[in-house]
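Read the structure below first, then the notes.
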Amino acid sequence: MTETLLSSLLTVEELCCSFRSEGRIVEAVKGVSFTLGKGETLALVGESGSGKSTVAMSVLQLLPYPIAFHPSGSIRLGGQEIVGASARTMQTIRGNRVALIPQEPLTALNPLHTIDRQIIEAMKLHDPAITQAEAVAKTIELLKLVGLRDAEKRLKSYPHQLSGGQRQRIMIAMALANEPDLLIADEPTTALDVTVQAQVLDLLKDLQQRLGMAMLLITHDLGVVRKMAERVCVMTGGKIVEAGETARIFDDPQHSYTKKLLDATPRGDPLRIEGEPAPLVRTEDLKVHFPIKGWFGRPRGHVKAVDGVTLSIPRGHTLGVVGESGSGKSTLGLALLRISRSEGPIIFDGENLHERNWKQMRPLRKRMQIVFQDPFASLSPKMTVGQIIGEGLPIHRPDLTPDERYEAVGRIIQEVGLPLDVLDRYPHEFSGGQRQRIAIARAIILRPDLVILDEPTSALDMSVQAQIVDLLRALQASHGLTYLFISHDLKVVKALAHEVVVMKDGRIVEQGTSHQIFTDPRTDYTRDLIAAALELRARRAA
């Protein structure tokens, strides 16, 4: 499909975007140009901070104006100028002609409203004539289309009651509610496990063909690009360095940066451990059940998020936890930290944590840290990066002087691959991948014994994933760290985990060494997960 044969829907010409920060100007996008035809998919690819999401947000004028501004350039949607358009004009465009699937669904969903209310609100805003019954029926249909199990039962759920993958599917349903002309998909499969990725991508392609919808795809997953896009623009440093048809970019890349992206993947084996260390943390028949409330607040059942899990993590080891979205992986991690209420003993370094109340847990917090799946939701927008990373030091390391704390923050920010000059900037000034590295730095700076890593690489591009995997291995070797690594990305799990547990519907269906799980899986469910991962890898290499 060539550009000349398509009727242009979106035209971006010499677009520039800058941010005002502490009296200086940061240039995020520098002279970007491309066109997107009706029914076509164009992918913007590049490492975190390359400017991909900034371009996408510019199309919807959703940047933090006037902190953000466009020194020059034009964005036209069907001939209508977007840059500088009035708020009323943009209201008619957003969600109707152009819809967005955001990278971080938890920050995009209202925590005070149920899922059905938020989707129906999006429908009624652009179609006031739709009845409540019609809106509810369409909402259920959309939720089923995006693969949400028990769609009818999930209507009254709140965002915090859903897994990251489930929240992402809700956002896809909301984006498609008004059948837009253009769908901007910002990392649409980031939070999804491998078995659901293919399902969602097939769904998007089917809807695109049926509705004649164009798609601007922002992603670091080159397998997704190969499957979805007709054309690709490769970005770095705010510029497009290579553009062309997808097959040509993959088969004959011209720019050195494009070649680097295509070659990047996490490699290596888990850290070699000598001897048989004692368990640092273990559980016995651990349960986390959430009540389903009926009339007058009376419980009418329970959601069994974690249902009888027994596991053990030796000191210095990495335990990988894999499974589909909603299988209970993240809830298990929160329970181990005593953030979610649970039943059953949790033994940490020989002590039963259930014998400690909330106040008595505080001295242990520095020894137990977490890196959340959604970094933006966990970073205070009112604090600088330096303040965020060093926030725990005065509490847990009161022996350090202010200068020593500053030096510690500087060392850790460089360890995670960011320069020192980011310390005075704020979270909104960074890409999703950069924010995840900030979150990792905040957890690691206290040198904990146990780190819960909840999809820590899901928002990162391939080259940075490899760097983070190497970093985590190096930190584990230097400090004897113990990891609980939650992920749907099996290649990352294979590179880090000594042991693996496979979860489904709140239960462990298989567990063993990493070698055994990946070479000789014993359950059909595990075999399906691995087969799906291999299929995605084959697409990437095809």
Side-chain angles (χ1 to χ4, degrees), residues 15-30 32 44 46-58 61-71 102-104 106-108 186-187 190 218 220 235-239 369 371-394 400 402-446 456-461 463-464 467-468 471:
L15 180 68
C16 294
C17 183
S18 299
F19 292 84
R20 298 180 177 91
S21 176
E22 300 293 328
R24 58 192 177 91
I25 302 298
V26 178
E27 296 181 78
V29 176
K30 307 168 186 177
V32 165
L44 296 182
E47 293 180 296
S48 301
S50 61
K52 311 185 300 295
S53 293
T54 301
V55 171
M57 293 303 101
S58 297
Q61 296 288 279
L62 287 177
L63 294 171
Y65 304 105
I67 295 173
F69 65 99
H70 300 289
Q103 180 177 354
E104 293 157 341
L106 186 58
T107 60
D186 191 354
E187 302 284 3
T190 288
I218 293 91
H220 63 255
M235 292 190 66
T236 183
K239 298 179 180 180
Q369 292 292 304
V371 177
F372 291 99
Q373 179 178 355
D374 189 341
F376 194 44
S378 67
L379 301 178
S380 172
K382 297 182 179 180
M383 298 172 67
T384 65
V385 169
Q387 291 170 335
I388 289 169
I389 295 174
E391 184 180 14
L393 291 177
L400 297 180
D403 287 344
E404 289 172 332
R405 290 199 293 268
Y406 183 81
E407 290 175 2
V409 171
R411 285 194 300 270
I412 200 67
I413 198 67
Q414 290 177 308
E415 279 191 84
V416 298
L418 293 174
L420 282 172
D421 61 10
V422 307
L423 294 179
D424 294 325
R425 294 165 62 185
Y426 291 85
H428 72 267
E429 300 178 62
F430 297 91
S431 67
Q434 290 170 318
R435 286 194 287 260
Q436 190 63 289
R437 280 180 272 180
I438 294 167
I440 291 172
R442 178 178 60 180
I444 299 298
I445 196 171
L446 293 175
T457 60
S458 64
L460 305 180
D461 52 79
S463 60
V464 178
Q467 295 169 17
I468 294 299
L471 170 64

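The first residue of the sequence shown is numbered 1, and numbering continues consecutively from there.
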**OP:** Assess whether side chain to side chain contact (heavy atoms under 4.5 Å, CB included) is satisfied between Val29 and Ser58, documenting all intermediate values.
**Re:** CA-CA 10 Å; Val29 176; Ser58 297; 5.8 Å; no
**OP:** Please test Leu379 against Arg442 for side chain to side chain contact (heavy atoms under 4.5 Å, CB included), starting from the C-alpha separation and ending with a verdict.
**Re:** CA-CA 10 Å; Leu379 301 178; Arg442 178 178 60 180; 3.9 Å; yes
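One distance of note links CD1 of Ile412 with CG of Leu393; it measures 10.0 Å at 0.5 Å rounding. Atom CG of Leu420 and atom OH of Tyr406 lie 6.0 Å apart (nearest 0.5 Å). One finds the CE atom of Met235 at 8.0 Å from the OG1 atom of Thr54 (value rounded to the nearest 0.5 Å). Rounding to the nearest 0.5 Å places CG of Leu423 at 10.5 Å from CD1 of Ile388. Taken to the nearest 0.5 Å, the CD1 atom of Ile413 stands 9.0 Å off from the CD1 atom of Ile445. The CG atom of Leu446 lies 10.0 Å from the CD atom of Glu391; values are rounded to the nearest 0.5 Å.
The heavy-atom pair separating Glu47 from Lys52 by the smallest distance is O-NZ, 3.3 Å. Nearest heavy-atom pair, His428 versus Pro64, reported as atom, atom and distance to 0.1 Å: CD2-CG, 4.3 Å. Between Gly238 and Val32 the shortest heavy-atom distance is O-CG2, 3.5 Å. Looking at every heavy atom in both residues, Ser21 comes nearest to Val26 through CB-CG2, 4.5 Å. Closest approach of His70 to Gln61, counting heavy atoms only: NE2-NE2, 3.5 Å. Contact record, Gln434 with Leu418: O-CD1, 4.0 Å, taken as the closest heavy-atom pair.
Using a 4.5 Å heavy-atom cutoff, the side chains of Ile468 and Pro456 are not in contact. Residues Ile438 and Pro427 form no side-chain contact, since every pair of their non-hydrogen atoms from C-beta on lies 4.5 Å or further apart. Taking 4.5 Å as the limit, some side-chain heavy atom of Thr384 sits within range of a side-chain heavy atom of Tyr426. When side chains are defined from C-beta on, Val371 counts as touching Gln436, because their heavy atoms get closer than 4.5 Å.
Listed for the Gln414 side chain is no donor-acceptor partner under 3.5 Å among the backbone atoms of Arg411. At distances below 3.5 Å, at least one donor-acceptor pair connects side-chain atoms of Arg405 with backbone N or O atoms of Leu400.
Around the CZ atom of Phe19, the shell of radius 6.0 Å holds more than 12 heavy atoms that belong to other residues, nucleotides or ligands. Counted within 6.0 Å of NZ on Lys239, heavy atoms from surrounding residues, nucleotides or ligands total 12 or fewer; the atom is thus considered open.
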